[in-house]
Protein chains: 2
Amino acid sequence: MTNIDHRPDPTLPEGTRPTRQRRAVVSALSASEEFRSAQEIHDVLRHEGENVGLSTVYRTLQALADAGEVDVLRGEDGEASYRRCSTSHHHHLVCRDCGRTVEIEGPTVERWAENVAAEHGFTDIGHSVEIFGTCPSCSASRT
Amino acid sequence: MTNIDHRPDPTLPEGTRPTRQRRAVVSALSASEEFRSAQEIHDVLRHEGENVGLSTVYRTLQALADAGEVDVLRGEDGEASYRRCSTSHHHHLVCRDCGRTVEIEGPTVERWAENVAAEHGFTDIGHSVEIFGTCPSCSASRT
DNA sequence: GCCAGAGTTGACAATGGTTCTCATTCCAGT
DNA sequence: ACTGGAATGAGAACCATTGTCAACTCTGGC
C-alpha cells in the first residue's frame, strides 16, 4: 500500500535501545494504515511469531507517543489507539464506520484556537480537533 | 467566538421516570460549574445524604449524555467527565490545572470542519474540538 | 572476549473506571 | 390494592492499563 501522505515510519526515541521488541512494535505500526490499539498490536505481533510482552507494547507505544512519533486517539470507550503520523502538527478526519483516516492540516483552526484561548487569558495552549464522518465508500455501501 | 453563559439545568430524557435518584444526579450536575466524573458525583450525593447507587449514577449520566443534555469530556486517562451544557453546539476551553472551563462558540471552525470533510467526500459530519491551556489564575500561582 | 552495570523485558498482580447481573423495590394505570 | 414493567443497587465481572521485580541483554570499558 502506497504511502500517499507524508507519514514516515516512526523511529525510536533517542536514548533508547533498538531492541527486537521495539523494532517489532514499530514495524507493526508501519505496516498498518489505520489506528490500532495496544492490544491489537500485541495480537498482530503474536500471530507473526514475534513474542513481545503486553507491558512492553504499552511501554513502547507510550514512548513513541511521548516523542510525538505516533498519533494517539481515544475512542468513545476511552481505549487508546495509535498510528504512525506525520511529524508536523495536524488533525484527523476519521470514518466512523471503517476507521479510514485522513490527516488534515488547518492553519485556520490553529490560529482560531490560539486567539480564543488568548482572549480568555489562557496560556500554554494546546488543542485537539477530530472530525468524524462517513467516508465515500462506506456511505456507498450503505443499504 | 462568543462566551456562552446560558446553561440551562439538564432535564431528564422523555420516557424515563423522574425518580428521586435521577433528580439527585441532575441536581448535582446543576450545582456544579465544572466537569465532574461519575465517581465524583456519586461522592457528592453520598455526602449530601442522598443515597444513590453507583450503577444508577452511571446509567443516568449516560442517558443524559445520549440525550445531549450534558457534555461528556474524556480526560487523558480516558476517564469520562460530565457537565451540564448549553443546548447549542459549542466547544470547550479547559484549564489543564484546575479544570476550569469556558464554553466556546466558533462558527469559523464549524465551517472549516464541514468544508474539509466535504472535500474528502465524507458525509454525516461531526467533530470534536477541545482547547487546553493554563488559565490566568493558575499560571499566576505557578512557582 | 569478558565484565559490570544500566537498560529492558515479561509474567503476573494490582488498579480503577465502567458495565453487568439479578433479586428487590418502585411506579402507573387499572 | 394488584400487577407488570421500569428502576435500583450491591456486588461481581470486565478489561484496558499500569506496577512489580527477578531475569535477561545490550554497550562501553578493560
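Chain letters run A, B, ... following the sequence lines, proteins first and then strands; every chain starts at 1. Treat the numbers as computed from the prediction; the structure is a model and nothing was measured.
For Asp77(B) and dT17(D), the CG to P distance is 11 Å, given to the nearest whole Å. Per the geometry, CG belonging to Asp43(A) stands 14 Å off C1' belonging to dC15(D), to the nearest Å. When the C1' atom of dT17(D) is taken as reference, atom CD of Glu40(A) falls 15 Å away, rounded to whole Å. Straight-line distance from the CD atom of Glu79(A) to the C1' atom of dT18(C): 14 Å, rounded to whole Å. One interatomic measurement links the two molecules: CZ of Arg46(A) to P of dT9(C), which rounds to 16 Å at whole-angstrom precision. One atom, CG of Leu73(A), and another, P of dA16(D), lie 17 Å apart when rounded to the nearest Å. The distance from atom CG of Leu61(B) to atom P of dT8(D) is 12 Å, rounded to the nearest whole Å.
Judged by atom type and distance alone, Arg59(A) reaches the base of dG10(C) through a side-chain donor-acceptor pair under 3.5 Å. Below the 3.5 angstrom threshold, one finds no donor paired with an acceptor across the side chain of Arg74(B) and the base of dG17(C).
Nucleotides of DNA chain C nearest to Ala80(B) and Arg20(B) differ in position, and the one nearer the 5' end is that of Ala80(B).
With sequence neighbours left out, the side-chain hydrogen bond (donor to acceptor under 3.5 Å, both in side chains) criterion links Ser55(A) to no other residue.
Listed candidates were dA7(D), dT9(C), dT18(C). Nearest to the side chain of Arg17(B) is dA7(D). Distance from the side chain of Arg22(A) is smallest to dT9(C) among dT9(C), dC27(C), dT17(D). You'll find that the side chain of Gln39(B) is closest to dG17(C), out of dA16(D), dG10(C), dG17(C).
Taking 4.5 Å as the limit, every side-chain heavy atom of Ser32(A) sits out of range of all side-chain heavy atoms of Arg83(A). A heavy-atom distance below 4.5 Å is not found between the side chains of Thr56(A) and Val25(A).
Within residues 48-57 of chain A, the residues having any heavy atom closer than 4.0 Å to DNA chain C are, in order of number, Asn51(A), Val52(A), Gly53(A), Ser55(A), Thr56(A).
Between Tyr58(A) and the phosphate of dT18(D), there is no side-chain N or O to OP1/OP2 separation shorter than 4.0 Å. Between Gln21(A) and dT25(D) there is no side-chain N or O to OP1 or OP2 distance below 4.0 Å. Under 4.0 angstrom from either OP1 or OP2 of dT17(D) there lies no side-chain N or O belonging to Gln62(A).
The two residues Val52(B) and Ala24(B) come nearest to each other via the heavy atoms CG2-CB, 4.2 Å.
Judged purely by distance below 3.5 Å, without hydrogens or angles, the side chains of Glu114(B) and His127(B) never pair a donor atom with an acceptor atom.
Its side chain within the 4.5 Å cluster rule, Tyr58(B) clusters with Leu54(B) among the Ile, Leu, Val, Met, Phe, Trp and Tyr residues.
Note that CZ of Phe122(A) and OG1 of Thr134(B) are 8.5 Å apart. Values are rounded to the nearest 0.5 Å.
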